[in-house]
Amino acid sequence: TTKNKGLSEARNNGVKHCTGDYILFIDSDDYIEPELLEKLSKLKDKYDVIRYKLKKVDEEKNIIDEDNIKANDKEISIKDLKDLQYFEMSQIYAFKRDFFVKNKFKFEPGKIHEDYGLIPLCLVKAKSMYSLNYFGYNYVQRKSEINESTNGTKRMENMIYHYNKLTNVIDKDKNISQNDKEEVKSMLAVRMIYYLK
């Protein structure tokens with residue numbers, strides 16, 4: 001038994017023990033649609049990353065909000081991600097296990113916005129990505145969460161930490177094109193402003 005060390009450590013530990021072809025991150029209380037795994041299996045391990053769409057629902061499964069972007073079933077690039085909402089959320093991606101493990105991707109323990117601190121790096125290092133025009137993930141927003149807020153100073157410090165670490169790692173990676181580096185850094189800056197406003 002492992003003591004609860006937070007979301008990042010739980011995810012990192014799960015990755016160590018997973019054996020399937022793809023890794024999906026599903027938070028407690030949330031749920032995926034029954035057909036999602038079937039749709040992923042039809043792509044036959046072809047892509048490092050597969051993106052699907054998200055709905056926000058209440059505890060009675062009523063839709064509160066949904067990913068309303070036009071996301072046709074197609075291969076996508078880093079540039080394409082600019083037009084997609086929630087680009088850094090781990091829950092809307094399936095990652096090929098071999099790709100994820102080989103790159104030694106890990107969520108940062110002890111930090112909030114752990115997705116922001118890792119997922120953009122996964123996306124920019126992926127050799128192939130695919131977008132499914134399918135609402136595969138249901139994000140359950142509990143009533144107790146609606147009015148919750150994170151300490152503003154901690155939020156800012158963590159976002160800046162992630163941004164500096166990510167941009168440094170991306171800048172040093174010679175396998176990432178300059179165009180992709182600039183696209184990701186631009187998206188990171190826009191999302192940081194969104195979170196801190």
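The structure displayed is predicted, hence computed values, not measured ones. Residues take their numbers from the sequence shown, with the count starting at 1.
In this structure, Ile170 CD1 and Ile176 CD1 are separated by 5.5 Å, a value rounded to the nearest 0.5 Å. Taking CD1 of Ile78 as the reference point, atom CZ of Phe87 lies at 8.0 Å (rounded to 0.5 Å).
Residue pairs meeting the side chain to side chain donor-acceptor pair (under 3.5 Å) criterion with at least one member in residues 34-43, sequence neighbours excluded: Glu35-Tyr134.
No hydrogens or angles considered: nothing links the side chains of Gln91 and Tyr86 as a donor-acceptor pair under 3.5 Å.
Within a 6.0 Å radius of NZ in Lys106, no more than 12 heavy atoms belonging to other residues, nucleotides or ligands are found.
Closest approach of Ile64 and Asp58 over heavy atoms only: CD1-N, 3.6 Å. The heavy-atom pair separating Tyr22 from Lys96 by the smallest distance is CD2-N, 3.2 Å. Smallest separation of non-hydrogen atoms from Val49 and Ala126: CG2-CB, 3.8 Å.
A search for salt bridge (charged side-chain N to carboxylate O under 4.0 Å, His left out) contacts involving Glu33 returns Lys55, not counting sequence neighbours. In this structure Tyr93 satisfies the ring-ring contact (aromatic ring centres under 6.0 Å, His included) test together with Phe95, sequence neighbours excluded.
You'll find the side chain of Val15 stays beyond 4.5 Å of the side chain of Phe107, heavy atoms only. Counting heavy atoms from C-beta on, the side chains of Ile23 and Arg11 never come closer than 4.5 Å. A heavy-atom distance below 4.5 Å is found between the side chains of Val140 and Glu59. Contact annotation: the side chain of Ser131 never approaches that of Asp80 to less than 4.5 Å [non-hydrogen atoms, C-beta and beyond]. Side-chain contact check for Asn168 versus Lys165: every heavy-atom pair is 4.5 Å or farther apart. For the pair Met192/Ile160, a side-chain contact is recorded, criterion being any heavy-atom separation below 4.5 Å from C-beta on. When side chains are defined from C-beta on, Met129 does not count as touching Tyr47, because their heavy atoms never get closer than 4.5 Å. In this structure, the side chains of Met89 and Tyr137 stay at 4.5 Å or more apart for every pair of heavy atoms.
A cation-pi geometry, defined here as NZ or CZ lying under 6.0 Å from the six-membered ring centre and within 45° of its normal, does not hold between Arg191 and Tyr116.
Between Lys102 and Asp48, no side-chain nitrogen of the basic residue sits less than 4.0 Å from a carboxylate oxygen of the acidic one, so the salt-bridge criterion is not met.
When each of Lys82, Gln178, Lys79 is checked for a side-chain hydrogen bond (donor to acceptor under 3.5 Å, both in side chains) with Glu183, only Lys82 meets the rule.
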